[in-house]
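Okay, so here's the structure we're looking at.
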Amino acid sequence: MEGTSDSQDPLVIQDLADAPQAHDNSGSDVSDCHKSTETLSLNPEAGSPVGSPPPLPPEPKVPNNMSSLKHEPTTASGTNGLNESQEDVGGDLCHSRGASTDGSTMDAYTYSATESRRGTYSEAGTLPIGSTVIEENMQGWEGNSEKKLSDSDLGHTSYPKKLVSSCKCCQVFMRKHYDLPENPTQTEALKYAFTCPPHGRVGDLLIWIIAGLAAWGCLISITGDKALPGGNFFSLIVLYIMAILGGEAVQLLGLPSLLGSLLVGIFFRSIPGLNVIGSNIDFQWSAALRGIALVIILIRAGLGLDPVALRKLSFTVIRLAFSPCLVETVSTAIAAWLLLGLPWSWGFMLGFILAAVSPAVVVPSLLKLGEEGYGVDKGIPTLVIAAASIDDVLAISGFSVMLGLTFAEGSPTWTIVKGPIEIFVGLMYGVILGVLCWYLPYREKKNRPLYKLILLFVLGCLALFGSQKAALESAGAIGVLTVAFVAGLGWRKPETEDPEVEDYYKSIWAYVMPLMFSLIGSEINVVAINPDTIGWGLLMLLICLTLRVITSFFVVMGGEFTIWERLFIAIAWLPKATVQAAIGSKALDHVRLTDGSEDDIRRGEQVVTIAVMVILVTAPIGAAAIKLTGPKLLAKKASAQRSADDPETTV
């Protein structure tokens with residue numbers, strides 16, 4: 001080894017002829033290494049090895065059963081079998097005793113990884129990467145670590161299980177320890193509903209409770225006292241939750257849920273102790289929320305105007321929509337002037353409020369009858385639903401015009417001209433922006449129905465609240481109706497049709513309706529109501545509804561309807577609720593915002609009281625009358641089950 005240069009790494013290859021001698025003891029390892037090094041060392045002058053190494057043998061095949069490999073113990077000097085003198089010679093030269101692939105032991109010689117022709121070797125230069133010795137050690141290390149990890153995890157997860165299993169009281173509440181019978185009783189089903197972990201309606205209720213408490217905590221952190229008991233936000237939250245529960249309770253009696261929400265609002269304003277909730281609601285917030293509800297109502301009415309259905313029953317629809325509404329409006333104005341002493345402008349405002357039919361009551365009742373096949377041969381459900389939409393449009397538009405004329409400021413000439421100008425502004429706003437909605441969002445837009453929903457809603461809110469800011473109150477409602485109707489015309493084309501938009505608004509209305517009716521109910525303080533208002537209001541309502549029913553019966557005489565069908569149409573024209581709740585307090589809100597006189601405040605309170613009274617009287621009576629008289633007065637279609645896309649049941 002003295003003749004070997006330090007700058008040159010010797011290449012040592014085991015001679016196959018010496019393989020049998022590889023089983024010598026470890027004491028001969030050092031001498032063998034020196035002898036092989038001297039024989040195969042490179043000649044520094046010639047630049048070539050003195051002796052040619054023997055050809056490499058073929059790679060031995062690895063047996064399938066790796067467990068049959070036998071390994072000899074390593075030498076006492078270490079795993080590499082090298083002593084200190086060999087390590088001093090060169091770190092890349094090594095010699096170790098390992099296991100061959102055929103089960104015998106052999107001297108494994110390695111050299112630098114950069115000059116290897118047999119494979120990649122470990123950094124220590126002792127054993128090749130992938131050697132059975134290293135693999136078995138790695139498997140042992142991994143197995144020990146996995147064993148320790150599994151034991152640790154098992155120890156952590158077993159504590160709560162042991163705690164529950166050791167507590168017999170807890171086992172009663174665990175679902176896995178409770179077997180629900182195949183036909184359980186109400187007591188058993190109720191007991192199972194409260195088992196853990198939470199599930200079903202109890203689980204849903206817990207989700208809402210936790211989310212609600214968290215949201216309330218955030219609101220307290222942001223607004224402070226306004227979200228605490230006695231504040232505006234706290235009162236709105238309590239009123240809304242109770243309105244939903246009240247609607248659910250009333251539905252169990254077979255009545256519209258809006259009645260329950262309305263009664264909740266009245267209770268929270270009239271009953272001592274509970275009236276703290278109703279009296280602490282800011283009237284500006286109440287007016288804004290009811291305005292948003294009005295926008296949703298108008299958009300649904302505009303989208304629901306189907307040109308196909310209108311052309312099919314055009315003349316009959318127009319007569320049924322306009323004639324009863326105008327007759328009731330005029331009769332109400334006259335009765336209000338005679339019985340209540342209201343001015344003519346206030347009387348006509350009240351007339352348009354009371355003349356509107358409630359889509360929230362009429363539409364579901366007629367659709368249910370249409371699904372059962374009653375009156376569909378002559379298109380009665382389609383006729384009534386289409387006429388109800390136009391009736392609401394006429395009533396809201398007429399009320400908006402009268403509201404603007406009643407509180408108009410300026411010369412008489414401007415008062416006369418202001419009405420037509422507001423109507424023109426509302427129509428132009430709706431037509432221009434409605435046509436724009438034909439192209440935006442574009443056809444390839446992802447989630448296009450959602451963007452249509454957002455675009456139409458913000459345009460409607462801008463029309464309603466922007467018109468109030470510009471002192472053009474009548475233009476707002478007309479603009480919302482027009483933009484929804486014009487946009488719906490373009491969205492009915494096959495390439496841009498998105499029926500999900502109406503479904504979205506229907507779902508939104510289900511959440512908005514309880515708040516709107518509870519807010520209009522919170523405007524009524526039963527204790528402070530003048531008894532004369534209730535008495536004269538009921539008499540006025542009886543007179544006007546009688547004239548409306550008679551008018552509705554005669555305006556459909558020109559069609560192919562029988563006398564019983566005409567009677568049903570007149571009865572279906574009774575329910576009132578939605579529009580009355582949306583615009584019933586608009587006049588009072590305007591007076592409060594503009595610091596009106598005491599007389600105007602009193603008149604506004606009278607209008608609100610009569611509007612709420614009309615809802616309480618006509619909504620349950622009308623819903624029950626439609627449900628009871630429909631199967632008796634209408635002819636049933638021959639087919640028992642109607643198709644889902646029958647044009648007679650859609651508008």
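It should be emphasised that the depicted structure is a prediction, and the values quoted were computed from it without experimental measurement.
- Under the 3.5 Å distance criterion, the side-chain polar atoms of Ser286 are left unmatched by any main-chain donor or acceptor of Phe283.
- By the neighbour-count criterion of 12 heavy atoms within 6.0 Å, atom CG of Leu253 is densely surrounded, having more than that number from other residues, nucleotides or ligands.
- Closest approach of Val361 to Pro575, counting heavy atoms only: CG1-CB, 3.6 Å.
- Nearest heavy-atom pair across Gly434 and Val486 is C-CG1, 3.6 Å.
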Test salt bridge (Lys or Arg N to Asp or Glu O under 4.0 Å) on Lys636 and Asp377 and set out the steps.
CA-CA 8 Å; Lys636 188 174 183 179; Asp377 290 331; over 6 Å; no
Should Arg290 and Glu523 be marked as a salt bridge (Lys or Arg N to Asp or Glu O under 4.0 Å) after you check the CA-CA gap, both sets of side-chain angles, and the distance that decides it?
CA-CA 12 Å; Arg290 281 185 275 110; Glu523 297 288 342; 3.5 Å; yes
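- The distance from atom CD1 of Ile454 to atom OH of Tyr504, rounded to the nearest 0.5 Å, is 10.0 Å.
- Inter-residue side-chain proximity for Trp573 and Ser552 is flagged as met; some heavy-atom pair is nearer than 4.5 Å.
- Remark: side-chain polar atoms of Ser474 are paired, donor with acceptor, to backbone N or O of Ser400 under 3.5 angstrom.
- Screening Val295, Ile296, Leu294 against Leu298 for a side chain to side chain contact (heavy atoms under 4.5 Å, CB included) leaves a single residue, Leu294.
- For Trp285 and Phe233, the gap between ring centers is short of 6.0 Å.
- The shortest heavy-atom contact between Ala356 and Ala395 is CB-CB, 3.6 Å.
- One distance of note links CG of Leu289 with CG of Leu236; it measures 6.5 Å at 0.5 Å rounding.
- Between the CG atom in Leu258 and the CG atom in Leu263 there is a gap of 9.5 Å [rounded to 0.5 Å].
- Put simply, the side chain of Trp344 never gets that close to the backbone of Ala333: no donor and acceptor are under 3.5 Å apart.
- Between Thr329 atom OG1 and Phe348 atom CZ the span is 8.0 Å, to the nearest 0.5 Å.
- No side-chain heavy atom of Leu547 sits less than 4.5 Å from a side-chain heavy atom of Glu328.
- Here the side chain of Ser585 pairs no donor or acceptor atom with the backbone of Ala581 at under 3.5 angstrom.
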Go through it in stages, so that I can follow the logic: the residues are Lys506 and Glu502, the test is salt bridge (Lys or Arg N to Asp or Glu O under 4.0 Å), and I'd like the CA-CA distance, side-chain angles, deciding distance and then a yes or no.
CA-CA 6 Å; Lys506 183 179 179 181; Glu502 295 189 40; over 6 Å; no
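- The backbone N or O of Thr482 lies less than 3.5 Å from no partner atom in the side chain of Tyr429, so there is not a single donor-acceptor pair.
- Across all non-hydrogen atoms, the minimal contact from Asp392 to Pro359 is OD2-CG, 2.7 Å.
- Across all non-hydrogen atoms, the minimal contact from Val614 to Lys576 is CG1-CD, 3.6 Å.
- The cationic atom of Arg300 (NZ for Lys, CZ for Arg) does not lie both less than 6.0 Å from the six-membered ring centre of Tyr505 and within 45° of the ring axis.
- For the residue pair Arg566/Thr562, the side-chain donor-acceptor check at 3.5 Å is not satisfied.
- By the 4.5 Å heavy-atom criterion applied to side chains, Thr332 and Ile543 are not counted as neighbours.
- The two residues Thr316 and Val556 have their closest heavy-atom pair at CG2-CG1, 4.2 Å.
- Residue Phe352 holds its CZ atom at 6.5 Å from SG of Cys325, rounded to the nearest 0.5 Å.
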Quick one, Asp391 with Arg548, criterion salt bridge (Lys or Arg N to Asp or Glu O under 4.0 Å). Give me CA distance, side-chain angles, the key distance, then yes/no.
CA-CA 13 Å; Asp391 178 87; Arg548 182 185 183 89; 3.6 Å; yes
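- Side chain of Ser270 to main chain of Phe267: no donor-acceptor pair is present (N/O by atom type, distance under 3.5 Å, no hydrogens or angles).
- Within the 3.5 Å criterion, the main-chain N or O of Thr578 finds a donor-acceptor partner in the side chain of Ser358.
- Sparse packing is recorded around CH2 of Trp564, with 12 or fewer heavy atoms of other residues, nucleotides or ligands lying under 6.0 Å away.
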Please lay out, stage by stage, how Val501 and Trp491 fare under the test side-chain contact (heavy atoms from CB on, under 4.5 Å).
CA-CA 10 Å; Val501 178; Trp491 292 346; 4.3 Å; yes
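- Around atom CH2 of Trp346, more than 12 heavy atoms belonging to other residues, nucleotides or ligands sit under 6.0 Å away.
- Taking 4.5 Å as the limit, some side-chain heavy atom of Leu326 sits within range of a side-chain heavy atom of Leu394.
- Annotation: side chain of Glu422 is not in contact with side chain of Val401 (no heavy-atom distance under 4.5 Å).
- At most 12 heavy atoms of other shown residues, nucleotides or ligands fall within 6.0 angstrom of atom CH2 in Trp337.
- Taking a cutoff of 4.0 Å between a charged side-chain nitrogen and a carboxylate oxygen, Arg603 and Asp600 qualify as a salt bridge.
- Side-chain contact annotation: Ser261 with Ser518, donor-acceptor N/O pair under 3.5 Å absent.
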After noting the C-alpha distance and the side-chain angles of Trp509 and Ile297, does the key distance pass the side-chain contact (heavy atoms from CB on, under 4.5 Å) rule?
CA-CA 8 Å; Trp509 172 246; Ile297 293 172; 3.6 Å; yes
Would Asn232 and Asn280 count as a side-chain contact (heavy atoms from CB on, under 4.5 Å) if you check the C-alpha gap in whole Å, the side-chain angles of each, and the deciding distance to 0.1 Å?
CA-CA 6 Å; Asn232 177 45; Asn280 286 328; over 6 Å; no
